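For reference, the structure is listed below as structure tokens.
The residues of the chain are indexed from 1 along the displayed sequence. All values below were derived from every heavy atom in this structure, side-chain atoms included, with hydrogens, water molecules and symmetry-related copies excluded. No experiment lies behind these values; they were computed from the predicted model shown.
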Amino acid sequence: MSGGAEAATTTAVVVRLKLSLLRNGLRQSGGRRAAFLASAVVALLFAALQLAGLIALRGHAHIASVAVLGTAVLALGWAVMPLFFPGGDETLDPSRLVMLPLRPRPLVRALLAASLVGVGPLFTVLLLAGCAITVAHGTAAYAVSAVALVLALLLCVALARAVATANIRLLTSRKGRDLAVLSGLVVAIGAQLVNFGMQRLGTAGLAQLGPAADVLRWVPPASAIGAVDSASRGSWGAAAAQLALTAAALTAVLALWARSLTRLMTSPDASTLPAGGNAERGRTRTDGRGGLARLLPAGRTGTVMERSLRYVWRDPKTKAAWATSLAIGLIVPVFNALQGTGSVYFACFAAGMLGIQMYNQFGQDTSAFWMVALTISSPRDAYVELRARALALLLITLPYAVLVTVLTTALLGDWPRLPEVLGLSFALLGAMLATGAWTSARFPYSIPQEGYKNVVPGQVGLAWISIFGGMVAAALLCSPVIALTIWTNVSAAGEGWTLLLLPAGAAYGATLTLLGLHLAAPRTAARLPEILTAVSKG
């Protein structure tokens with residue numbers, strides 16, 4: 001069989017396999033069919049509205065910049081999506097084909113064709129068509145837009161497949177599934193960035209997109225849309241160069257994809273290799289106390305602090321929660337300050353976001369909490385356990401809150417308010433540590449280790465009571481410091497007391513923390529069986 005006939009046969013078989021798997025998957029249950037149809041309708045409706053909106057903007061002075069940037073963002077989404085949703089298209093996992101007698105290049109063509117089947121490619125075609133049509137003027141430009149649309153679509157799909165293939169063993173491993181958990185962080189940060197960008201565009205207009213678009217129109221696949229715009233303006237040399245650049249990028253991505261497929265199908269999986277050497281090195285690294293552990297207190301306090309910090313660094317769910325809180329706690333005050341619409345008091349948001357990490361302390365341990373429970377035989381043991389967990393949280397939260405407060409104050413130039421904002425942050429943090437310790441003992445709930453849910457079914461009410469009830473209680477506990485801050489700002493007699501808000505807020509927060517730990521310790525020791533049952537349900 002010739003190479004072309006082999007490629008055509010392989011392509012037809014893989015495309016039929018993709019269609020069969022999709023059809024059989026939808027036959028499994030009515031709920032799955034309904035979910036697929038609903039998501040498809042919503043996605044295609046959104047794409048159709050975007051297409052109509054882009055066409056309606058034809059003739060706008062800066063529409064070319066919008067089209068070029070939109071194509072670049074679309075390609076970026078295709079490139080990063082496999083990293084955070086590795087199970088989104090299991091039918092195109094090349095590791096399932098490693099035992100078949102297939103050559104990489106025919107397989108690349110087959111998988112590329114199969115990748116064009118689905119809602120995602122159709123969604124992309126509609127958006128790319130809108131970007132191309134809105135900048136096309138004249139018959140020749142429409143002809144260029146047809147070529148540009150095909151090249152851009154193929155490059156987006158090939159880029160996604162190349163990224164997935166290059167990282168497929170990571171993405172299908174436990175670490176890869178852990179990486180997918182961090183997608184929530186990307187969504188949270190991305191939402192704040194989009195909000196910031198839309199506000200900037202609303203005040204400064206689309207003209208500020210010009211410099212970025214001038215660069216991206218030479219970066220594939222945005223260069224394909226740039227070629228349509230160049231053809232509309234009669235710049236045929238630039239249009240030909242931009243199309244050639246897009247075609248060259250597609251060729252390079254396909255070559256990298258084929259190379260990754262060859263390596264995947266001929267190289268042994270690292271999980272099947274002997275691990276004796278690695279284990280020996282692991283024992284060498286873990287013998288004794290090293291690194292941060294040497295700086296922590298001796299005894300139970302240091303051990304619990306080290307365990308809590310290791311959870312932050314290694315446990316996917318804990319890491320994702322901390323990373324999201326750190327990012328949002330910085331973005332909200334700083335971005336508002338950069339826009340000139342913020343207040344220095346927004347810096348308290350950082351302490352509030354990290355204070356949430358004190359809630360449901362035992363739920364973070366999941367079923368491993370039974371080992372902790374074995375070491376708690378008295379309220380004193382429970383107090384030391386809770387105190388150490390609070391100290392581990394403070395190691396990160398205190399310097400972070402100070403950093404965000406100083407940065408926000410510097411951006412706004414409101415240095416006289418720095419002491420009172422720091423005092424408020426410390427008081428809020430102390431109140432959240434106190435209420436978090438108490439609700440951890442009173443309303444524990446389990447956190448599932450797999451998937452994207454943070455609460456197991458049946459315990460959602462406990463989670464709401466624990467977190468939001470605790471936050472309301474923390475706000476009420478901070479009311480004396482809040483009242484004192486208001487008094488120093490509105491009363492002439494309080495102007496000279498502003499500097500005292502920092503030590504007052506710190507002392508008040510420390511007092512609340514100690515009081516909360518002392519109140520939570522007896523309840524923790526008395527409710528160990530109930531806590532263990534609640535946190536082990538995941």
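- Side-chain N or O atoms of Thr71 include one that pairs as donor or acceptor with a backbone N or O of Ala67 at under 3.5 Å.
- Of the possible polar contacts, one joining the Ser446 side chain to the Val535 backbone as a donor-acceptor pair under 3.5 Å is found.
- A pairwise comparison of heavy atoms in Ala520 and Ala441 identifies O-CB, 4.2 Å as the closest pair.
- Between Ala534 and Pro444 the shortest heavy-atom distance is CB-O, 3.6 Å.
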(request) Might you work through the side chain to side chain contact (heavy atoms under 4.5 Å, CB included) test for Phe46 and Phe123, ending with a clear yes or no? (result) CA-CA 9 Å; Phe46 176 78; Phe123 176 88; 3.6 Å; yes
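- Tyr383 and Ser378 share no donor-acceptor pair across their side chains, judged by distance under 3.5 Å alone.
- Looking at every heavy atom in both residues, Leu296 comes nearest to Met305 through CD2-CE, 3.8 Å.
- Panel note: side chain Ser440, backbone Gln361; a donor-acceptor pair is recorded below 3.5 Å.
- Taking OG of Ser466 as the reference point, atom OH of Tyr445 lies at 5.0 Å (rounded to 0.5 Å).
- A donor-acceptor pair under 3.5 Å links the side-chain atoms of Thr488 to the main chain of Thr485, judged by distance alone.
- In terms of heavy-atom proximity, Ala474 sits nearest to Ala431 at O-CB, 3.6 Å.
- You'll find the side chain of Glu530 reaches within 4.5 Å of the side chain of Arg527, heavy atoms only.
- A 6.0 Å sphere centred on CH2 of Trp415 holds more than 12 heavy atoms belonging to other residues, nucleotides or ligands.
- Within the 4.5 Å cutoff, no side-chain heavy atoms of Pro419 are placed close to those of Leu501.
- Put simply, the side chain of Lys319 never gets that close to the backbone of Val312: no donor and acceptor are under 3.5 Å apart.
- Shown here are the side chain to side chain contact (heavy atoms under 4.5 Å, CB included) partners of Ser260, two or more places apart in sequence or in another chain: Thr165, Ala166, Arg263.
- Looking only at side-chain heavy atoms (C-beta outward), Pro333 and Val404 come within less than 4.5 Å of each other.
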(message) For Asn360 and Phe443: C-alpha separation, side-chain torsions, deciding distance, then whether side chain to side chain contact (heavy atoms under 4.5 Å, CB included) applies.
(response) CA-CA 8 Å; Asn360 196 35; Phe443 303 108; over 6 Å; no
(message) I'd like to know whether Thr301 forms a side chain to side chain contact (heavy atoms under 4.5 Å, CB included) with Arg387, so could you lay out the CA-CA distance, the side-chain angles of the two residues, the decisive distance to 0.1 Å, and finally the verdict.
(response) CA-CA 8 Å; Thr301 298; Arg387 184 186 63 185; 3.2 Å; yes
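- Under the 30°/60° scheme for interplanar angles, the aromatic rings of Phe362 and Phe369 are found to be tilted.
- Without hydrogens or angle criteria, Tyr345 side chain to Val421 main chain gives no donor-acceptor distance under 3.5 Å.
- Contact detail for Ala351 and Leu429: the closest heavy-atom pair is O-CD1, 4.1 Å.
- One finds the CD1 atom of Ile331 at 10.5 Å from the CG atom of Leu326 (value rounded to the nearest 0.5 Å).
- Residues Tyr508 and Leu484 have side chains not in contact (no heavy-atom distance under 4.5 Å, counting atoms from C-beta outward).
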(request) Begin with the C-alpha distance, continue with both residues' side-chain angles, and end with the deciding distance and a verdict on side chain to side chain contact (heavy atoms under 4.5 Å, CB included) for Leu74 and Thr124. (result) CA-CA 8 Å; Leu74 189 63; Thr124 304; 3.5 Å; yes
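- The shortest distance between side-chain heavy atoms of Phe426 and Val402 falls below 4.5 Å.
- Electrostatic pairing of Arg380 and Glu385 does not count as a salt bridge here, judged by no charged N lying under 4.0 Å from a carboxylate O.
- With Ser479 contributing its side chain and Leu476 its backbone, the two residues share a donor-acceptor pair below 3.5 Å.
- By the 4.5 Å heavy-atom criterion applied to side chains, Val344 and Glu420 are not counted as neighbours.
- Rounded to the nearest 0.5 Å, atoms CG (Asn336) and CZ (Phe349) are 10.0 Å apart.
- Closest heavy-atom contact between Arg389 and Ser308: CG-OG, 3.8 Å.
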(request) Any chance you could lay out the side chain to side chain donor-acceptor pair (under 3.5 Å) test for Ser536 and Trp370, step after step, and finish with the verdict? (result) CA-CA 9 Å; Ser536 300; Trp370 72 269; over 6 Å; no
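- In this structure, the side chain of Tyr400 does not engage the main chain of Leu354 through any donor-acceptor pair within 3.5 Å.
- Using a 4.5 Å cut-off on side-chain heavy atoms (C-beta onward), Thr405 and Thr409 make contact.
- Atom CG of residue Leu45 and atom CG of residue Leu49 lie 4.5 Å apart, to the nearest 0.5 angstrom.
- In this structure, the side-chain hydrogen bond (donor to acceptor under 3.5 Å, both in side chains) partners of Asp414, at least two apart in sequence or on a different chain, are Arg417.
- Rounding to the nearest 0.5 angstrom, the gap separating the CH2 atom in Trp438 from the CG atom in Leu517 is 14.0 Å.
- A distance of 4.5 Å separates CG in Leu433 from OG1 in Thr513, rounded to the nearest 0.5 Å.
- A donor-acceptor pair under 3.5 Å is absent between the side-chain atoms of Gln357 and the main chain of Thr397, judged by distance alone.
- Side-chain atoms of Arg300 and Thr375 form a donor-acceptor pair, as typed in the model, at a separation below 3.5 Å.
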